[in-house]
Amino acid sequence: MRLSAYARKMGVNYKTAYRWWKAGKLDAYQLDTGTIIVREPEQRQEVPSVALYARVSSADQKEDLERQMQRLKD
């Protein structure tokens, strides 16, 4: 995207975005016409987090707890 569009998207002034580009803080390049193009960051797919919860009523049932957790993982 053009530097001006990038600045608008980020909510900063064009001059600020230009200074960032000059300082090497942006993944961007300049065309022969002088237009500065900022590369779009690759969209990473987030892996959803899952919490497993199992419980037993006494410490004597620890084996049952381990079986419960294994069943939940499967």
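Computed from a prediction, not measured in an experiment: that's the story for all the values here.
Considering only residues two or more places apart in sequence or on other chains, Arg67 meets the side chain to side chain donor-acceptor pair (under 3.5 Å) condition with Asp64. With sequence neighbours excluded, no residue forms a side chain to side chain donor-acceptor pair (under 3.5 Å) with Glu63. For Arg8, there are no salt bridge (charged side-chain N to carboxylate O under 4.0 Å, His left out) partners, not counting sequence neighbours. By the side chain to side chain donor-acceptor pair (under 3.5 Å) test, Asn13 pairs with no residue at all, sequence neighbours left out. Under the ring pair (Phe, Tyr, Trp, His ring centres under 6.0 Å) criterion, Trp20 pairs with no residue at all, not counting sequence neighbours. Under the side chain to side chain contact (heavy atoms under 4.5 Å, CB included) criterion, Met10 pairs with Tyr6, Val12, sequence neighbours left out.
Around CZ of Arg2, the count of heavy atoms belonging to other residues, nucleotides or ligands within 6.0 Å does not exceed 12.
The salt bridge (Lys or Arg N to Asp or Glu O under 4.0 Å) pairs that include a residue from residues 13-22 number zero, where partners must be two or more places apart or lie in different chains.
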May I have the list of side-chain donor-acceptor pairs in residues 29-36 shorter than 3.5 Å, sequence neighbours left out?
unit_1	atom_1	unit_2	atom_2	d
Gln30	NE2	Gly34	O	3.0
Thr33	OG1	Thr35	OG1	3.3

Report all side-chain donor-acceptor pairs from residues 49-62 shorter than 3.5 Å, counting only partners two or more places apart or in another chain.
unit_1	atom_1	unit_2	atom_2	d
Ser57	OG	Gln61	OE1	3.1
Gln61	OE1	Ser57	N	3.1

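Tracing side-chain contacts under 4.5 Å through hydrophobic residues (I, L, V, M, F, W, Y), one reaches Met1 starting from Tyr14; they form part of the same cluster. One hydrophobic cluster, built from ILVMFWY side chains closer than 4.5 Å, cannot hold both Leu26 and Ile37; they sit in different ones.
Rounding to the nearest 0.5 Å gives a distance of 12.0 Å between CD of Gln70 and CD of Gln68.
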